[in-house]
Amino acid sequence: MSPFERKFGKYAIRNLSFVLVACYAVGYLIEMIDRGGMLIQYLTLDPYAILHGQIWRLVTWVLIPPPTGNIFFLLIMMYFYCSIGTTLERTWGTYRYNVYLFSGMLFTIAGSFLLMGYQYLLHGDSFAIAGAAEYFRYVSFFFSTYYINMSIFLAFAATFPDVQVLLMFIIPIKVKWLGVIYGIMLIFDFFQTGVEGRFAIAASLLNFVVFFITSRNMMHLNPKQIHRRQEFKRDVRRNTGITKHKCAICGRTEVDSPELQFRFCSKCDGNYEYCEEHLYTHTHVKRS
């Protein structure tokens with residue numbers, strides 16, 4: 001566990017995939033109601049509008065769902081991303097999965113502002129006079145959750161390459177080959193699209209690049225191997241009797257309950273550590 005995870009892990013959002021899909025559901029509902037698209041235009045990631053006071057766009061762009069054909073494919077898409085996202089969260093841990101998704105979103109926001117800086121650098125101040133507001137209202141739709149979803153799928157394909165899925169509900173295919181196909185499609189889109197699309201693709205998938213570089217030693221492990229490695233570590237700790245954390249009240253350790261969070265109490269005299277259930281309910285130890 002990294003120092004950042006020990007410090008900020010308690011703030012990680014569990015079942016983040018369900019939260020993301022719930023945002024998509026709200027977005028689709030808005031699209032159904034807002035036939036003219038006037039409301040959706042006020043939710044997109046528009047850096048020009050953000051700098052002119054519409055700061056809610058830093059968050060509301062997540063509500064804009066990826067394009068889909070009909071309600072059937074919409075439900076399939078939502079179920080699919082909930083499934084693979086939940087699997088990744090269970091394998092990586094809630095904290096790391098949160099970092100992966102939120103870093104993708106932050107990179108996307110940064111990419112939109114970098115695009116604006118690039119256009120101003122290229123065209124000068126005349127760009128603002130010539131219609132920057134209209135330009136960014138149009139290109140804001142490039143910076144959507146489509147590539148965020150793509151990064152989730154690519155991470156799943158890299159983590160579980162030998163898992164089989166049914167292509168078109170009929171053809172069994174290993175997910176790594178689908179990942180290769182999607183990768184080729186992304187490369188093709190990158191060189192075929194304009195500068196706006198290139199900024200959006202590069203920014204949205206930067207989190208996957210970081211993940212790929214930092215997790216190459218885990219790429220070859222399938223879910224059974226990962227589970228076996230975790231069981232082995234628990235058995236070693238159990239047999240040696242060495243644990244990192246132990247609650248001073250109930251005596252539970254991270255071996256007994258791996259999901260528990262442990263914290264030291266700053267108000268107790270001495271180094272007393274408690275599990276999350278007893279951290280705020282115990283009687284403080286005073287030497288006097």
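Being a predicted model, the structure only gives us computed values, none of them experimental.
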Open item on the list: Would you say the ring centers of Y100 and W92 fall short of 6.0 Å from each other?
Closed with: yes
- [ ] Check salt bridge (Lys or Arg N to Asp or Glu O under 4.0 Å) between K174 and all other residues, then give those that pass, not counting sequence neighbours.
- [x] D162
Task: Closest approach of A203 to G111 (non-hydrogen atoms, all atoms of both residues) - done: CB-CA, 3.7 Å
Open item on the list: Is it the case that the side chain of D46 and the backbone of A49 share a donor-acceptor pair, with hydrogens and angles ignored and the cut-off at 3.5 Å?
Closed with: yes
Open item on the list: Could you report the tightest heavy-atom contact between A155 and T159, atom names first, then the distance?
Closed with: O-OG1, 2.7 Å
TODO: Report yes if some heavy atom in the side chain of C265 is under 4.5 Å from a heavy atom in the side chain of H284; otherwise report no.
DONE: yes
Open item on the list: Run the ring pair (Phe, Tyr, Trp, His ring centres under 6.0 Å) test against Y274 and tell me which residues pass, sequence neighbours left out.
Closed with: H282
Task: side chain to side chain contact (heavy atoms under 4.5 Å, CB included) assessment of F113 paired with I50 - done: CA-CA 10 Å; F113 281 93; I50 292 171; 3.9 Å; yes
TODO: Take atom CZ of F264 as the centre, draw a 6.0 Å sphere, and report whether it contains more than 12 heavy atoms from other residues, nucleotides or ligands.
DONE: yes
Task: Donor-acceptor under 3.5 Å (S83 side chain, Y79 main chain) - done: no
- [ ] Give the minimum heavy-atom separation between T44 and S140, together with the two atoms involved.
- [x] OG1-OG, 2.9 Å
Task: Exercise: identify the closest heavy-atom pair between C275 and C247 - done: N-SG, 3.4 Å
Open item on the list: Once salt bridge (Lys or Arg N to Asp or Glu O under 4.0 Å) is applied, do any residues pair with R252, and if so which ones, sequence neighbours excluded?
Closed with: E277
Task: L106, CG: over 12 other non-hydrogen atoms inside 6.0 angstrom - done: yes
Open item on the list: Any heavy-atom pair between the side chains of Y42 and T60 that's under 4.5 Å?
Closed with: no
- [ ] Return the set of residues passing ring pair (Phe, Tyr, Trp, His ring centres under 6.0 Å) with F156 (not counting sequence neighbours), or none when no residue passes.
- [x] F160
- [ ] Answer whether the closest heavy-atom distance between the side chains of I109 and L58 falls below 4.5 Å.
- [x] yes
- [ ] Kindly determine whether E31 and L39 satisfy side chain to side chain contact (heavy atoms under 4.5 Å, CB included), including the steps that lead there.
- [x] CA-CA 8 Å; E31 285 185 345; L39 180 57; over 6 Å; no
Open item on the list: Is the shortest side-chain heavy-atom distance between E276 and K10 below 4.5 Å?
Closed with: no
Open item on the list: What's the separation between atom CD in Q119 and atom CZ in F136, rounded to the nearest 0.5 Å?
Closed with: 6.0 Å
Open item on the list: Does atom CZ (F153) have a neighbourhood of more than 12 heavy atoms from anything else shown, all under 6.0 Å?
Closed with: yes
- [ ] Say whether Y97 and T91, considering side chains only, have a donor N or O and an acceptor N or O under 3.5 Å apart.
- [x] no
- [ ] Carefully, step by step, assess V26 and I30 under the rule side chain to side chain contact (heavy atoms under 4.5 Å, CB included).
- [x] CA-CA 6 Å; V26 173; I30 293 174; 4.1 Å; yes
Under 3.5 Å, which donor-acceptor pairs do the side chains of residues 175-200 form with other protein atoms, sequence neighbours left out?
{"from": "E196", "atom 1": "OE2", "to": "Y135", "atom 2": "OH", "distance (Å)": "2.6"}
{"from": "R198", "atom 1": "NE", "to": "F190", "atom 2": "O", "distance (Å)": "2.9"}
{"from": "R198", "atom 1": "NH2", "to": "F191", "atom 2": "O", "distance (Å)": "3.3"}

TODO: Answer whether the closest heavy-atom distance between the side chains of I40 and L43 falls below 4.5 Å.
DONE: yes
Task: Qualifying residues under ring pair (Phe, Tyr, Trp, His ring centres under 6.0 Å), relative to H278, sequence neighbours excluded - done: none
TODO: Would you mind reporting whether L205 and F107 have side-chain heavy atoms less than 4.5 Å apart?
DONE: no
Task: Atom pair OH/CE of Y28 and M77 - distance to nearest 0.5 Å - done: 3.5 Å
Task: Heavy-atom check, side chain of L45 versus side chain of I64, under 4.5 Å - done: no
TODO: Kindly give the heavy-atom pair with the smallest separation between F143 and T108, and that separation in Å.
DONE: CD2-O, 3.7 Å
Open item on the list: Does any part of the side chain of R263, heavy atoms only, come nearer than 4.5 Å to the side chain of E273, both counted from C-beta?
Closed with: no
TODO: Please step through side chain to side chain contact (heavy atoms under 4.5 Å, CB included) for the pair N207 and L101, ending with a clear verdict.
DONE: CA-CA 8 Å; N207 62 332; L101 273 187; 5.7 Å; no
Open item on the list: To the closest 0.5 Å, what do you measure between CG (L63) and OG1 (T145)?
Closed with: 9.5 Å
Task: Point-to-point distance, once rounded to the nearest 0.5 Å, from OH of Y272 to CG of L279 - done: 15.5 Å
Task: S204 to Y147 - nearest heavy-atom pair and separation - done: CB-CB, 3.3 Å
